[in-house]
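Here the structure is a predicted model, which is why all the values come from computation and not from measurement.
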Amino acid sequence: MNFRDVMALAKRRGILQAAYEPYGGVAGFFDYGPVGVRLRRKIIELWRQHFVLGFGALEIDSALIGPESLFKASGHLSEFDDLLVECLECNKLYRADLLVEGGGALDRDGIAVALAGKKCESCGGKFDVPRPFNLMFSTNVGAGRGTPSYLRPETAQGIFQAFPWLLRQNRGKLPLAAAQVGRAFRNEIAPRQGPLRLREFTQLELEHFFLPNDEPELPNPLESIEINLVPAKGKKKSTTVGNALSSGIVDSSLVATHLARTQNFLTSLGVAKDKLRFRQHRANEMAHYSSDCWDGEIYTSLGWVEVVGVAHRGDYDLSAHDSSSSKEFRVPLPGTEKEREVWVPNIGKLGKEFKGKAKSILEAIKNVDIEPDISIKANGKTIVLSEEYLSQKTERGSEMVFPYVVEPSFGLDRILYCLLESSWKRDGEREWISLPQETSPYDLLVAPLMTKDRLDEKAQEILQSALDMGVDAYYDEAGSIGRRYARADEIGIFFSMTIDHQTLEDGTVTLRERDSKNQNRLSIEDALDKVRR
RNA sequence: GCAGGCGUGGUCUAGUGGUAGGACUAGGGCCUUCCAAGCCCUCAGCGCGGGUUCGACUCCCGCCGCCUGCACCA
């Protein structure tokens, strides 16, 4: 099963197709159809079970458009802003900073200067002036010129900027896990390979915050999870998560924890263990915010496809928003509560004595430890503040620190693609999607053997009770029964229930299981009970 | 973005300077007691825009999209 086949099936069976298809399509954008939406929902639900529910994560849904200041702080404005340079002869496009030695350390002008003498590596032609290309879609908020804003390039910033609010919701406690499912946007230069490289995509992200000196340990039940690791240095290794952590292959216990959770989640979706590996980023492929990152990759006909990144982001994001915004993003470090006596200015007396100069005096002693008879410089004069202008008070406080964060970030579209490719089975003429029931788009096909003798009425009746029970059921009465099984198989419906004449007599139906094609005759109640998840 | 190739119903495809056929799928009907049976009928297509021409799906140009390679890819 290759890329072409999967995309043809996806279109034929209502999973996905190019967006704006009647207008020729727009590269990098896709529409999901009825079956595709069901598959996405199932994946998201399973993800929520693994990473949100039963884990106490706080789930949010933040705005898609953000102000420039936010993305200045997050680093996306500068880091997503590649300087590209084009060869005037052969029109090849290069990353300017990669052409210049030490280009990463230079600013834009520096790169332009260093580039002046360089020639195109492939044809020896001259370069055009370098031009910036930002991966973020820009827009303006409001009327007139408006406020420069961007579509978010990752859902994560929505969580980081909301951290003070979320911390309150968590009643000030760490660790705190915050989750978000939503779309993110990147104006890729050349999107290809359909749902694997999109300009608009869906992320499933968890941000797991903790105190630097109190990183959550690897939970016991996860220690024995087996995973395939490809470290940046050293050899590929299959081992348990516990071993990986104790031997130092994985440095952080929380990263190890989320590698294990990720392994559990992906295999429960139906991904085969031997087609799943975690590859550590080398220093030079690390994102600007990340200090350690492991990509979860699934093997497909296109090679290894990255579907998740488990990144240690340190305090990069919170400290960035702390210094760029007016909010406090640090938290008090428990056990460091202290009382101390401090001197504070007596503003009333200062005002009376120094009148208009009082303001500059206060300005001068801001952020300075003061005590009686301190000399300060204000308005070019040296002033000695005696005890009468000061008073003493007791200050209570803690040392403030930035929490660290570990982030597992999943690409829904990529997961869906990999799942389709890997679960598509073929046996002669028969083709079917062999997904576990949890991720199948429907639980049950309800089909009358024929549309006469009121078999269809009976089938409709059973359909309704199945739907009432919360079973995802699909009704089909068109064509031969074999044809309907085939249709159901192709979108991965897990069970098929057939209503025949005997059903009318004794209330039994045949229940067929997709993968084995085995059939059993059961009472309607038993059958529905078996189908219900 | 560059170079090359390609673009015909939902899918796979045939074809011509005089506006298109097939197979599969789908829908309707007949028939049918369990894995795409059969018969009848039906829906639906030359990616978009210009140019040449009496006439363009066909030739030319531009754009869009797809594929391959290069470059890019938190």
Side-chain angles (χ1 to χ4, degrees), chain A residues 3-5 7-14 17-29 33 71 74-76 79-82 84-87 89-96 98-99 120-123 128 131 133 135-136 152-157 184-194 196-199 201 203 281 285-290 293 295 306 309 311 313 407 409 411 427-432 445 447-453 455 478-490 496-503 509-512 514 517-519 521:
Chain A
F3 182 75
R4 212 181 127 99
D5 294 330
M7 295 307 282
L9 168 103
K11 186 166 187 180
R12 186 154 36 101
R13 290 305 181 199
Q17 72 163 358
Y20 311 110
E21 206 262 0
Y23 293 90
V26 183
F29 298 92
F71 298 113
S74 69
H76 287 98
E79 292 298 327
F80 262 34
D81 198 17
D82 292 334
L84 298 182
V85 64
E86 193 175 348
C87 169
E89 301 287 326
C90 66
N91 294 315
K92 266 197 175 178
L93 209 58
Y94 296 91
R95 276 258 306 267
L98 298 180
L99 288 176
C120 174
E121 284 169 6
S122 76
C123 77
D128 196 356
R131 297 172 205 282
F133 175 80
L135 243 26
M136 287 193 292
R152 63 184 183 190
E154 58 172 8
T155 55
Q157 294 309 323
F185 306 83
R186 287 178 202 178
N187 198 1
E188 297 285 351
I189 298 172
R192 248 185 232 180
Q193 297 180 319
L196 300 184
R197 187 95 176 275
L198 293 170
R199 289 185 164 130
F201 54 99
Q203 291 187 306
H281 279 202
E285 59 178 328
M286 216 95 77
H288 63 274
Y289 49 72
S290 173
C293 183
D295 279 348
E306 175 201 338
R313 294 177 75 135
E407 165 201 88
S409 169
D427 180 13
E429 288 282 283
R430 186 164 113 92
E431 287 179 15
W432 74 105
L445 166 73
L449 193 56
M450 292 176 297
T451 54
K452 62 178 192 183
D453 302 331
L455 290 179
S480 72
I481 191 67
R483 189 180 210 81
R484 282 174 276 163
Y485 288 153
R487 270 198 291 254
D489 284 345
E490 211 173 19
S496 296
M497 179 189 286
T498 308
I499 288 82
D500 58 16
H501 286 96
Q502 197 182 329
T503 310
V509 294
T510 55
L511 192 66
R512 167 188 183 269
R514 180 196 60 209
K517 299 198 289 181
N518 287 340
Q519 296 192 7
R521 187 161 273 278

Visitor: Looking at C59(B), which nucleotide sits across from it as a Watson-Crick or G-U wobble partner, both distances under 3.5 angstrom, or is there none?
Guide: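 Because both required distances fall under 3.5 Å, C59(B) counts as paired with G51(B).
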Visitor: Using a heavy-atom cut-off of 4.0 Å across all strands, would you classify R484(A) as base, sugar-phosphate, or nothing?
Guide: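 Counting heavy atoms under 4.0 Å across all strands, no contact is made by R484(A).
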Visitor: Do you know the tightest heavy-atom contact between M497(A) and L511(A)?
Guide: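 Smallest heavy-atom distance, with atoms named: CB-CD1, 4.1 Å.
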Visitor: Would you indicate which nucleotide in C34(B), U32(B), A71(B) comes nearest to any side-chain atom of A190(A)?
Guide: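 Among C34(B), U32(B), A71(B), the one nearest the side chain of A190(A) is A71(B).
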Visitor: In whole Å, I'd like the distance from the NE2 atom of H501(A) to the P atom of U32(B).
Guide: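 Taking NE2 of H501(A) and P of U32(B), I get 11 Å after rounding.
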Visitor: Within the structure shown, what part of the strands sits under 4.0 Å from Y20(A) by heavy-atom distance: base, sugar-phosphate, or nothing?
Guide: nothing
Visitor: Look at all strands and tell whether Q519(A) reaches a base, only sugar-phosphate, or nothing, counting heavy atoms closer than 4.0 Å.
Guide: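 The answer is base, as Q519(A) lies within the cut-off (heavy atoms under 4.0 Å) of a base atom.
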Visitor: Determine whether a donor-acceptor pair (one donor, one acceptor, N or O, separation below 3.5 Å) exists between the side chain of R4(A) and the base of C67(B).
Guide: no
Visitor: Contact between Q203(A) and E154(A) at the side-chain level, heavy atoms closer than 4.5 Å - yes or no?
Guide: yes
Visitor: Could you check if a side-chain atom of E431(A) sits within less than 4.5 angstrom of a side-chain atom of D489(A), using non-hydrogen atoms only?
Guide: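 No, every pair of side-chain atoms sits at 4.5 Å or beyond.
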Visitor: Nearest to the side chain of R487(A) - U32(B), G27(B), C72(B)?
Guide: G27(B)
Visitor: What interatomic distance, in whole Å, is found between P of G5(B) and the corresponding atom of C63(B)?
Guide: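 Result for the P pair: 16 Å, nearest Å.
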Visitor: Are any side-chain N or O atoms of D500(A) and backbone N or O atoms of Q502(A), one a donor and one an acceptor, separated by less than 3.5 Å?
Guide: yes
Visitor: Tell me what K517(A) touches on the nucleic acid: a base, only sugar-phosphate, or nothing, going by heavy atoms under 4.0 Å.
Guide: base
Visitor: Can any side-chain N or O of D5(A) pair as donor or acceptor with the backbone N or O of A8(A) at less than 3.5 Å?
Guide: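 Checking the backbone N and O of A8(A) against the side chain of D5(A), no donor-acceptor pair under 3.5 Å is found.
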Visitor: Could you check whether A27(A) gets within reach of a base, just the sugar-phosphate, or nothing at all, counting any heavy atom under 4.0 Å?
Guide: sugar-phosphate
Visitor: Could you pick out which residue, G28(A) or P22(A), lies toward the 5' side of RNA chain B when each is mapped onto its nearest nucleotide?
Guide: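 It is P22(A), whose closest nucleotide lies nearer the 5' terminus.
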Visitor: Among C34(B), U11(B), A36(B), which is the nearest nucleotide to the side chain of D500(A)?
Guide: C34(B)
Visitor: Atom CG of D5(A) to atom C1' of C24(B): distance rounded to whole Å?
Guide: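 Rounding to the nearest Å, CG of D5(A) and C1' of C24(B) are 15 Å apart.
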Visitor: Would you mind telling me which of U25(B), G27(B), C35(B) lies closest to the side-chain atoms of R483(A)?
Guide: U25(B)
Visitor: Measure from the side chain of Y485(A), starting at C-beta and using heavy atoms only, and say which of G1(B), U11(B), C35(B) lies closest.
Guide: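 Minimum distance to the Y485(A) side chain belongs to C35(B).
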Visitor: Check this for me: does the side-chain of R192(A) come within 3.5 Å of the base of U68(B) through a donor and an acceptor?
Guide: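 Flag set: donor-acceptor pair detected.
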Visitor: Once hydrogens and angles are ignored, does a donor-acceptor distance under 3.5 Å link the base of C35(B) to the side chain of D489(A)?
Guide: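 No pair found.
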